[in-house]
**Student:** 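Shown below is the structure under consideration.
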Amino acid sequence: MTRAIIPLVPETDVALVGAGIMSATLGLMLKELNPDITIQIFERLDEPGMESSDAWNNAGTGHAAFCELNYTPILKSDGSIDTKKAAKICQDFEISREFWSYLVEKNYVKDPATFIRQVPHLSFVWGEENVGFLKKRHAKMTENILFRGMQYTEDRSQIEQWAPLIMKNRNSDAPIAATSMAIGTDVNFGELTRQLIRKLDSMPGVTVHYNIDVYDIDPHKQGGWKVETQNLLNGIKADCRARFVFLGAGGATLHLLKDAEIEERKGYGGFPVSGLWLKCKNPELIEMHNAKVYGKATVGSPPMSVPHVDTRMINGKKELLFGPFAGFSMRFLKTGSQLDLAKSFRLDNMVPMISAGLSNIPLTTYLIKQVRLTHKDRVKSLQEYVPVARLEDWELQKAGQRVQVIKKDEGRKGKLEFGTEAIVSSDGSVAALLGASPGASTAAAIMFGILPKCFPKESKADAWQSKLKEMAPSWGVDLTKEESQLAATRSRTTRTLKL
Ligand SMILES: Cc1cc2nc3c(=O)[nH]c(=O)nc-3n(C[C@H](O)[C@H](O)[C@H](O)COP(=O)(O)OP(=O)(O)OC[C@H]3O[C@@H](n4cnc5c(N)ncnc54)[C@H](O)[C@@H]3O)c2cc1C
């Protein structure tokens, strides 16, 4: 569909760059908090939610850190399992569930089944050491009320009940173990994004521009920011003024952040990692599996490469994916340019970028090995999880592009981060989102964190405070200590989201 070209509105309160899940979430929150606010959304593609947020480009996990083993590292100091990060992610996901429930109650989105389903989350490991780890992890996790209900077993017939596909023809007698959390979810973030952007587009004071690339933002002489754009269909350049700019351009946010004249951009760099899935073509296998089964990343591999065998619901159809396999690409977006990485080198991030590169040689080696994998090699990895996997039942599917954050560490060298990071200018007039994990699942909590920094006065006002509470009653509450509130919010969101 070719969209009509809409002229830029010369002045708006807010400019959202990119129409992915992050801009969609922030835009809707702002409009709820202040119905009079004016917003322009700029998207370089001709549809919203088609980059990382699209269902085929991410794993669709509602990251609550139930079973993703990379969120519970072993502490080097005493060998204990650190569950702090998992607890934070889990609470942030409750905020997303509350915000999405609010959207459902307001009829802003269609039937929740169009974007979220309950799919049990499982961890599955083999070998004595890993079994020991999982047992210890389960004991530690279930001390926290957030993770109560998580089941642990080493019993093969129990695992077979939870995940028959994983156990079919599993002849090895190596010890195995699994944990299961029935309340896990699969989320179609692309569909949710498109519904939110459509809703925003229908609201007064909101204009959504497609095929428009934002190539720079500069301080405007009358205050605020000059947003400089180019129409990708006819090459015509135009600009407008915005009081507040959110850079939600996914992997490409880094470029725009580097061009924005704010002190906070300094030292940031990025390292792109591409992804691939094995997509199942055999309906019998797809039907047999109903879970998201997370394994343990192999030694030397980055945390986001934890393999998983995933039931997905994409466009109303059940799918089965395995991966992600990592790859190296110099693009910052799936639809980006091979020059993206080179373009991101600046004087202020040269040292962090080079030093992060040098101290992550094992990651580079891992990526090179991944790039060289053949279809047969990939199916062999899959067979560790699905012993009955055959070459002809699986095909490659390209996933989205992640840009891992590189930033200065205390020693002013560089370190590679695997999380999501919000950067806000000191005057609060620009915010940018870098990184990809836990990403989309925690979009609502990320935006709740950004709002008081960018709209400090309004955020303190009673009207905003009560609206914020209405959108996410658990924001600011430590759910690990509030058993009845946790139970109440889970029960409400389970009902509203029809899980
Ligand atoms: C392989 C993979 C697996 C993942 N798995 C999960 C998961 O299981 N669960 C989870 O919660 N998260 C997951 N993530 C992360 C999640 O996908 C991202 O955190 C989230 O989609 C980011 O949303 P966004 O809106 O910031 O970016 P995007 O969805 O990428 O949107 C950015 C938009 O900005 C547009 N844009 C870019 N540059 C410009 C410009 N200059 N001008 C105008 N428009 C521009 C792009 O076209 C795009 O539409 C995964 C990511 C990947 C890559």
Side-chain angles (χ1 to χ4, degrees), residues 15-27 40-65 68 89 92-93 96 121 184-190 192-194 196-197 208-217 227-232 246-257 259 272-277 292 294 304-306 308 310 312 321 323-327 332-337 340 397-404 418-420 422 432-444 446-447:
L16 302 175
V17 182
I21 188 70
M22 297 299 170
S23 291
T25 303
L26 180 60
Q40 285 190 90
I41 304 176
F42 301 96
E43 170 54 55
R44 63 192 288 275
L45 301 179
D46 63 2
E47 276 287 323
M50 295 311 288
E51 271 287 341
S52 288
S53 300
D54 187 62
W56 289 111
N57 291 341
N58 61 67
T61 304
H63 281 301
E68 307 90 309
I89 292 169
D92 284 353
F93 190 60
S96 286
H121 286 191
T185 51
D186 175 64
V187 185
N188 184 332
F189 294 107
L192 176 60
T193 304
R194 285 184 278 281
L196 295 186
I197 295 284
V208 187
H209 302 275
Y210 294 98
N211 302 301
I212 295 288
D213 184 69
V214 173
Y215 62 89
D216 200 0
I217 62 164
V227 181
E228 298 175 57
T229 73
Q230 179 165 36
N231 185 313
L232 296 176
F246 174 67
L247 304 176
T253 295
L254 183 65
H255 288 316
L256 289 162
L257 177 69
D259 287 335
V273 178
S274 61
L276 288 171
W277 313 113
K292 286 176 170 286
Y294 299 88
M304 79 285 187
S305 66
V306 172
H308 35 102
D310 263 0
R312 305 285 310 274
L321 298 185
F325 295 93
F332 280 5
L333 294 169
K334 204 169 166 180
T335 57
S337 149
D340 282 342
Q397 167 84 34
K398 218 169 158 195
Q401 197 71 9
R402 297 177 205 247
V403 178
Q404 307 299 152
F418 293 98
T420 310
L433 196 80
L434 300 177
S437 178
S441 302
T442 54
I446 292 170
M447 298 313 152

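Just so you know, ligand 1 is whichever comes first in the structure, and atom 1 is the first atom listed for that ligand.
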**Student:** Are the side chain of Ser96 and the backbone N or O of Ser441 linked by a donor-acceptor pair below 3.5 Å?
**Tutor:** yes
**Student:** Show me a pair-per-line table, with atom names and distances to 0.1 Å, of protein N or O atoms that are under 3.5 Å from an N or O of ligand 1.
**Tutor:**
unit_1   : atom_1 : unit_2 : atom_2 : d
ligand 1 : 5 (N)  : Ala59  : N      : 3.0
ligand 1 : 8 (O)  : Gly60  : N      : 3.3
ligand 1 : 8 (O)  : Thr61  : N      : 2.9
ligand 1 : 8 (O)  : Thr61  : OG1    : 3.4
ligand 1 : 9 (N)  : Thr61  : O      : 3.0
ligand 1 : 9 (N)  : His63  : NE2    : 3.4
ligand 1 : 11 (O) : Pro438 : O      : 2.9
ligand 1 : 11 (O) : Ala440 : N      : 3.4
ligand 1 : 11 (O) : Ser441 : N      : 2.8
ligand 1 : 11 (O) : Ser441 : OG     : 2.6
ligand 1 : 17 (O) : Ser52  : O      : 3.1
ligand 1 : 19 (O) : Ala440 : N      : 3.2
ligand 1 : 21 (O) : Ser53  : N      : 3.2
ligand 1 : 21 (O) : Ser53  : OG     : 3.0
ligand 1 : 23 (O) : Ser53  : OG     : 3.4
ligand 1 : 25 (O) : Ile21  : N      : 3.1
ligand 1 : 25 (O) : Met22  : N      : 3.1
ligand 1 : 29 (O) : Ser53  : N      : 2.9
ligand 1 : 29 (O) : Ser53  : OG     : 2.5
ligand 1 : 30 (O) : Ser52  : N      : 3.1
ligand 1 : 41 (N) : Asp213 : OD1    : 3.2
ligand 1 : 41 (N) : Val214 : O      : 2.9
ligand 1 : 42 (N) : Val214 : N      : 2.9
ligand 1 : 44 (N) : Arg44  : N      : 3.2
ligand 1 : 47 (O) : Glu43  : OE2    : 2.6
ligand 1 : 49 (O) : Glu43  : OE1    : 2.6
ligand 1 : 49 (O) : Glu43  : OE2    : 3.1

**Student:** Do Arg402 side-chain atoms and Val273 backbone N/O form a donor-acceptor pair below 3.5 Å?
**Tutor:** no
**Student:** Report yes or no: does Asn57 contribute a side-chain atom to a donor-acceptor pair with the main-chain N or O of Glu51 at less than 3.5 Å?
**Tutor:** yes
**Student:** On the 0 to 90° scale, with breaks at 30° and 60°, tag the His308-Tyr294 ring pair as parallel, tilted or perpendicular.
**Tutor:** tilted
**Student:** Looking at Ser52 and Gly400, would you say the former's side chain and the latter's main chain have a donor-acceptor pair under 3.5 Å?
**Tutor:** no
**Student:** Tell me whether His63 contacts the main-chain N or O of Phe93 through its side chain, where contact means a donor paired with an acceptor under 3.5 Å.
**Tutor:** no
